[in-house]
K.L.:
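I am attaching a structure below and will ask some questions about it afterwards.
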Amino acid sequence: MKTIINGNIDEFIQWHDTDGNIINASDGGIICVNGVYHWYGLQLRDLPVASKGAGGQTTLTGVAMYASTDLVTWKYEGIVLACRNAPGDPLCGPMRFERPKILYNERTGKYVLWCHYVCAPGDHGTTPGTAEAGVAVCDTVNGHYEWLGTSRPIDDKGLVRDSTVYQDEDGSAYFIYDRMVGEDRCLHIVRLSEDYLSFTDDWKRLDAQYLREAAAVVKNGKYYYMVTSGLTGWEFNRAKYFRSECLFGPWEDMGDPCIGDDAHNTFRSQTTYIFKPEGSDTCIHMAERHNTQSFLKCSYIWLPIEFTPDGQLELRYRNKWDIADV
Ligand code: GAL
């Protein structure tokens, strides 16, 4: 047994890698390859005070990756999707590969990374380059991902904000994103092409998920579940989850999944990703505690998801918990 240590609810403890450095992998995810878990996310900068744009959650380096066989001990593997620090280059920092997510495509044998791309200086905006989907590809999970560029799913009117991906049991994969057209803001789901490198015309507006972001999807039994946050930027807010028997809906609003103290602000965190360790029945909800005083010092909380017999999804805070051997 290994123990996941979240610390006391108000503690905001740091997680460290095997070199003793703070794990710096913001809003990413986990992918398991041949029994090795790879945790990746945006490598943030050490900024003393959060400021909008050039100050907030941007990177000069790229997407970092860590490896572990037990989900507790993490070895730094380096930058897998790198910034290119030549002025004018689309990957020149400070920029964002926000909420990066990696899938393995069995047909092509390639690893595909999707993110919400924001060019330098890293401000969310409405002009091209500040609200796009970005994609990169690699032959190995922890190699150097090749940047393939940006686009907007569905049509160019819809700005891309928070995004995630979901791979279904039949190998089809989906890009799920907070789509903004003027004041209208709603999560949408778009099926990816067979090679996962582009969008298809098969998409759906998820009406139940109006004004939601930070989505993460998991399937358990007959239901797909989507956990989301409200739109309060760095401020924590009440999570809400939805369930459906079909990815394209209709999705049912199931309310707040969190139970106990600080449920109303997702235990002082925001959803990042959900995954099921290999051979385990327990899904892990990864969430992030953005530290607006110093983005480098971000903190994470990982909690086991409890599914009730009647198909509800529940999260309870735990200072620490044992993870079954994986
Ligand atoms: C959060 C969102 C993050 C980031 C931030 C502001 O609420 O989930 O991905 O966009 O707002 O930059």
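Read the numbers this way: they start at 1 and go in the same order the structure lists the ligands and their atoms. Values reported hereafter were calculated over all heavy atoms of this structure, with side chains retained and with hydrogens, waters and symmetry mates removed.
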K.L.:
Should D139 and K110 count as an ion pair when the cut-off is N to O under 4.0 Å?
P.N.:
yes
K.L.:
Please work out whether the ring planes of Y117 and F97 are parallel, tilted or perpendicular, with thresholds of 30° and 60°.
P.N.:
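The rings of Y117 and F97 sit tilted, inter-plane angle from 30° to 60°.
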K.L.:
Going by the angle between their ring planes, with limits at 30° and 60°, are Y224 and Y166 parallel, tilted or perpendicular?
P.N.:
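Aromatic pair Y224/Y166 classed perpendicular.
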K.L.:
Using a 3.5 Å cut-off on N or O atoms only, is G233 in polar contact with ligand 1?
P.N.:
yes
K.L.:
Less than 3.5 Å between some nitrogen or oxygen of R96 and one of ligand 1, yes or no?
P.N.:
yes
K.L.:
Specify side chain, backbone, both or neither for H124, according to which of its non-hydrogen atoms lie closer than 4.0 Å to ligand 1.
P.N.:
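Side chain only; the backbone of H124 stays clear of ligand 1.
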K.L.:
Is a donor from one side chain sitting under 3.5 angstrom from an acceptor on the other, for D202 and T200?
P.N.:
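Short answer, no.
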K.L.:
Do any pairs count as a salt bridge (charged side-chain N to carboxylate O under 4.0 Å, His left out) and have a residue in residues 166-178, sequence neighbours left out, and if so which ones?
P.N.:
E169-K219, D178-R185
K.L.:
Atom 3 (C) of ligand 1: which protein heavy atom is closest, and how many Å away?
P.N.:
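Ranking protein heavy atoms by distance from atom 3 (C) of ligand 1, first comes D162 OD1, 3.6 Å.
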K.L.:
Which pairs, with at least one residue in residues 250-260 and sequence neighbours excluded, count as a salt bridge (charged side-chain N to carboxylate O under 4.0 Å, His left out)?
P.N.:
R238-D256, K240-D253, R243-E252
K.L.:
Based purely on interatomic distance, does E213 place a nitrogen or oxygen under 3.5 Å from a nitrogen or oxygen of ligand 1?
P.N.:
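Yes, since at least one N or O of E213 sits under 3.5 Å from an N or O of ligand 1.
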K.L.:
Short N/O distance, under 3.5 Å, between W234 and ligand 1?
P.N.:
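N/O-N/O distance below 3.5 Å does not exist for this pair.
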K.L.:
Select one of side chain, backbone, both or neither to describe which atoms of R99 lie under 4.0 Å from any atom of ligand 1, heavy atoms only.
P.N.:
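Only the side chain of R99 comes within reach of ligand 1.
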K.L.:
For ligand 1, which atoms, with element, lie under 4.0 Å from some heavy atom of E98?
P.N.:
3 (C), 4 (C), 9 (O), 10 (O)
